[in-house]
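Report on one structure; see the data block that follows.
Numbers here simply count residues along the sequence, with the first being 1. Because only heavy atoms are used, hydrogens play no part in the values below, and waters and symmetry mates are left out as well, while side chains stay in.
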Amino acid sequence: MSLLNFRRSAPAAPVQNGAVEALMQGFSLEVMPRTAEKVADFRAILPEGTRVYIAHIEGTPIADMVATAARLRAEGMEPMPHFPARIIADRAELGDWVARYQGEADVREALMLGGGVTTPAGIYDNSMQLMETGLFDGFRRLHVAGHPEGNRDIDPDGGARVILEALRWKEEFARAKGIDMAIVTQFAFESAPIIDWAAGLRREGIDLPVHLGVAGPAKLQTLIKFAIACGVGPSLRVLQKRAKDVTKLLLPFEPTDLVADLAAHKAAHPEFAVEALHFFPLGGIKANTDWTIAQGGAAARPASHA
């Protein structure tokens with residue numbers, strides 16, 4: 001099984017693969033306000049109603065976040081802003097964010113996460129504390145973070161006990177509140193460990209659907225930079241090994257083989273926990289959406305082309 005699919009030409013050639021098209025149904029994409037500004041019209045690159053996560057990096061003004069959400073809503077997309085617990089000062093600030101998103105952009109969905117900073121800016125340290133405020137009880141959908149390769153910030157011993165306990169708490173919260181919930185994951189590069197991880201969730205009694213993080217087309221050195229920043233585990237060793245071959249440093253990576261492997265597994269095992277893909281456009285939004293349009297068939301046809 002190929003871990004990474006390197007090609008000298010881009011974008012990827014279209015393929016006729018019904019399993020891939022099926023898995024691509026309902027895919028999502030992540031943007032930041034500054035990257036969204038480079039897109040003239042999201043309807044030209046994404047299907048109508050595509051869920052677009054808006055990453056809230058520390059220091060980004062809430063006004064920029066809300067404006068991006070409002071623009072996405074106006075262009076027929078479903079905005080899902082991040083709520084990183086550790087960059088929020090207090091309940092008053094959190095309440096202001098929620099009110100502005102709902103009032104100015106009709107936001108109905110949110111990604112709840114601890115956030116990448118080490119020292120909390122205020123009273124919150126994790127996403128469960130945000131949920132307990134009651135401020136999200138009116139949302140129709142909340143997504144929470146998943147880590148197919150583990151997360152030593154949460155489980156320092158390299159295990160999964162704390163992560164699993166948190167996922168059980170969140171699943172019960174969603175059930176009690178009548179809110180749809182899914183796990184959206186960090187990106188990874190090999191299908192077999194993802195399949196094993198997803199099966200492990202079910203063995204542990206966690207029934208939340210998984211929206212699997214996938215790194216969009218990007219140069220190898222770009223992937224290495226983001227993998228280090230995001231704490232990617234075994235996959236980072238794979239990238240480092242390939243980086244030793246200087247002839248591959250400038251070759252683009254495409255997730256074609258990874259997605260095809262996962263799609264084939266989903267077709268053979270409909271109970272597979274991964275129900276959708278979530279793309280991190282690390283090589284740029286255009287490169288990512290060129291790939292989704294080429295590979296996703298009708299599932300990725302842009303709204304303006306329908």
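- The backbone N or O of Trp291 sits nowhere less than 3.5 Å from a side-chain atom of Asn288 that would complete a donor-acceptor pair.
- Taking the six-membered ring where tryptophan is involved, the planes of His265 and His269 are essentially parallel, since the angle between them stays under 30° and well short of 60°.
- Here the side chain of Glu172 pairs no donor or acceptor atom with the backbone of Trp169 at under 3.5 angstrom.
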**Message:** Please determine whether side chain to side chain contact (heavy atoms under 4.5 Å, CB included) holds for the pair Met24 and Leu277, giving the CA-CA distance in whole Å, both sets of side-chain angles, and the decisive distance to 0.1 Å.
**Reply:** CA-CA 6 Å; Met24 289 280 288; Leu277 302 179; 3.9 Å; yes
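- A side-chain donor-acceptor contact under 3.5 Å links Thr185 to the backbone of Gly213.
- Each of Leu142, Val98, Leu94, Asp125 was checked for a side-chain contact (heavy atoms from CB on, under 4.5 Å) with Leu130, and the lone residue meeting it is Leu94.
- Here Phe173 and Phe136 keep their ring centres 6.0 angstrom or further from each other.
- In this structure, OG1 on Thr119 lies 14.0 Å from CD1 on Ile87, to the nearest 0.5 angstrom.
- A donor-acceptor pair under 3.5 Å is absent between the side-chain atoms of Arg202 and the main chain of Glu271, judged by distance alone.
- The 12-atom threshold is exceeded at CZ of Arg175, counting heavy atoms of other residues, nucleotides or ligands nearer than 6.0 Å.
- Using modelled atom types, one side-chain atom of Glu75 and one backbone atom of Phe42 make a donor-acceptor pair closer than 3.5 Å.
- Summarising the hydrophobic clusters (Ile, Leu, Val, Met, Phe, Trp, Tyr; side-chain heavy atoms under 4.5 Å, direct or chained), the residues clustered with Val184 are Tyr53, Met80, Leu111, Leu113.
- Checked against Glu78 for a side chain to side chain donor-acceptor pair (under 3.5 Å), the options Arg51, Arg73, Arg141 give a single hit: Arg73.
- To the nearest 0.5 angstrom, Leu201 atom CG is 9.5 Å from Arg168 atom CZ.
- Phe83 and Tyr101 have perpendicular rings, their planes meeting at more than 60° on a 0 to 90° scale where under 30° would count as parallel.
- Within the 3.5 Å criterion, the main-chain N or O of Phe272 finds a donor-acceptor partner in the side chain of Lys266.
- In this structure, Pro47 and Ala299 approach most closely via the heavy-atom pair CG-O, 3.5 Å.
- At a threshold of 4.5 Å between side-chain heavy atoms, the hydrophobic network of Ile, Leu, Val, Met, Phe, Trp and Tyr places Ile293 and Phe253 in two separate groups.
- Residues passing the ring pair (Phe, Tyr, Trp, His ring centres under 6.0 Å) test with Tyr124, sequence neighbours excluded: none.
- Counted within 6.0 Å of CD on Glu48, heavy atoms from surrounding residues, nucleotides or ligands total 12 or fewer; the atom is thus considered open.
- The CE atom of Met32 lies 8.5 Å from the CD1 atom of Ile285; values are rounded to the nearest 0.5 Å.
- Between Met181 and Pro209, the shortest heavy-atom contact is O-CD, 3.5 Å.
- Closest of all the heavy-atom pairs between Ser28 and His278 is OG-ND1, 2.7 Å.
- The shortest non-hydrogen separation linking Pro79 to Val107 is CG-CG2, 4.1 Å.
- For Glu58, the CD atom is loosely surrounded, since the number of other residues' heavy atoms within 6.0 Å does not exceed 12.
- At least one side-chain heavy atom of Val39 sits under 4.5 Å from a side-chain heavy atom of Ile45.
- The CD atom of Gln295 sits 11.0 Å away from atom CG of Asp290, with the distance rounded to the nearest 0.5 Å.
- Closest of all the heavy-atom pairs between Lys170 and Val144 is CD-CG1, 3.6 Å.
- Note that CD1 of Ile194 and CZ of Phe189 are 9.5 Å apart. Values are rounded to the nearest 0.5 Å.
- In terms of heavy atoms, His147 sits closest to Ile163 at CD2-CD1, 4.2 Å.
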For residues 59-70, which side-chain donor-acceptor pairs fall under 3.5 Å, sequence neighbours excluded?
unit_1, atom_1, unit_2, atom_2, d
Thr60, OG1, Ile57, O, 2.9
Thr68, OG1, Asp64, O, 2.8

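- With hydrogens and angles disregarded, a donor-acceptor distance shorter than 3.5 Å links the side chain of Ser304 to the backbone of Arg43.
- Residue Leu212 holds its CG atom at 8.5 Å from CG of Leu23, rounded to the nearest 0.5 Å.
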